[in-house]
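Below: the structure, in structure tokens.
Computed from a predicted model, the values in this text were never measured in an experiment. Numbers restart at 1 for each chain; the letters A, B, ... are given by sequence-line order, proteins then strands. The figures here come from the full heavy-atom set of this structure, side chains too, leaving out hydrogens, waters and symmetry mates.
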Amino acid sequence: NAGVMQNPRHLVRRRGQEARLRCSPMKGHSHVYWYRQLPEEGLKFMVYLQKENIIDESGMPKERFSAEFPKEGPSILRIQQVVRGDSAAYFCASSPRGDTEAFFGQGTRLTVV
Amino acid sequence: DQQVKQNSPSLSVQEGRISILNCDYTNSMFDYFLWYKKYPAEGPTFLISISSIKDKNEDGRFTVFLNKSAKHLSLHIVPSQPGDSAVYFCAARGRSQGNLIFGKGTKLSVKP
């Protein structure tokens, strides 16, 4: 999974600030997925994107959260006005097509203080 | 409502023996199943997958079995090694669906 690059690895934000998490998919992969893992929980799907398109955002909270995957550059998960409950590990995964296995990055650990 | 369930939070096995991790699902529309392994502070690593048209897939020490009628799959690791100690996640995907639905994971400890 070293091919999917996420940064930063660790991010600390105060309540009310914005958090921006970046994900560069593996070379040749045009499908990107974001997942969130709360302590002692499994990975929860948030959003599925292809270049410049949001395919499925059914797992994304309706407010404060947004995601994009522009034509050029990494995919961005943006959390506005962070709250303590947003503290979690956020994982990005990519795949070459929508019907194959996805490969995960190392994750970004967000801590809201 | 959990669509993918891993009912055993943990499993302890002796080195050299077989590890069997179980997973149940409720959605009959799932047609592709995967197992991921995760070490602390790292991302999940893909291990093995199986399509719903098969009932077994083998890759080295890892074998996944699928019982569609029971909506049950299992991952067999034989022989188990201490380096296999990690959290194992079962995941499933439906037809024409890109995202994966994950179970809560089973923590495997392989003792030397």
(message) Less than 6.0 angstrom separating the ring centers of B:Y36 and A:F104, yes or no?
(response)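 Between A:F104 and B:Y36, which both carry aromatic rings, the centre distance is below 6.0 Å.
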(request) Step through the shown structure and confirm whether more than 12 heavy atoms of other residues, nucleotides or ligands are within 6.0 Å of CD on A:Q81. (result) no
(request) Check for a donor-acceptor pair, side chain of A:Y35 on one end and backbone N or O of B:L100 on the other, with a separation under 3.5 Å. (result) yes
Linked, directly or transitively: [X] and [Y] (ILVMFWY side chains, under 4.5 Å):
{"X": "B:F30", "Y": "B:L75", "value": "yes"}
{"X": "A:M46", "Y": "B:F89", "value": "no"}
{"X": "B:Y88", "Y": "B:L66", "value": "yes"}
{"X": "B:F65", "Y": "B:I20", "value": "no"}
{"X": "A:Y33", "Y": "B:L47", "value": "no"}

(request) Quick one: list whatever passes side chain to side chain donor-acceptor pair (under 3.5 Å) with A:R22, sequence neighbours left out. (result)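 A:R22: no side chain to side chain donor-acceptor pair (under 3.5 Å) contacts found.
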(request) Could you tell me which non-hydrogen atom of B:K38 sits nearest to which non-hydrogen atom of A:Q37, and how far apart they are? (result)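 Scanning both residues completely, I find the closest heavy atoms to be CE-OE1, 3.5 Å.
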(request) Work out which heavy atom in B:N99 is nearest to a heavy atom in A:Y48; give both atom names and the distance. (result) N-CD2, 4.4 Å
(message) According to salt bridge (Lys or Arg N to Asp or Glu O under 4.0 Å), who are the partners of A:R97, at least two apart in sequence or on a separate chain?
(response)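 Scan of A:R97 (salt bridge (Lys or Arg N to Asp or Glu O under 4.0 Å), adjacent residues dropped) gives A:D99.
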Give, as side chain, backbone, both or neither, the part of [X] having an atom under 4.5 angstrom from any heavy atom of chain B.
{"X": "A:A102", "answer": "both"}
{"X": "A:T100", "answer": "backbone"}
{"X": "A:Q6", "answer": "neither"}
{"X": "A:I55", "answer": "neither"}

(request) Tell me yes or no: between the side chains of B:Y32 and A:E101, is some donor less than 3.5 Å from an acceptor? (result)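 A pair is found: one side chain offers a donor N or O, the other an acceptor, under 3.5 Å apart.
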(request) Against chain A, work out which of B:R93, B:K104, B:Q6 has the most heavy-atom pairs shorter than 4.5 Å and name it. (result)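 Counting heavy-atom pairs under 4.5 Å, the top option is B:R93.
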(message) Working to the nearest 0.5 angstrom, can you tell me the gap between A:F91 CZ and B:F102 CZ?
(response) 10.0 Å
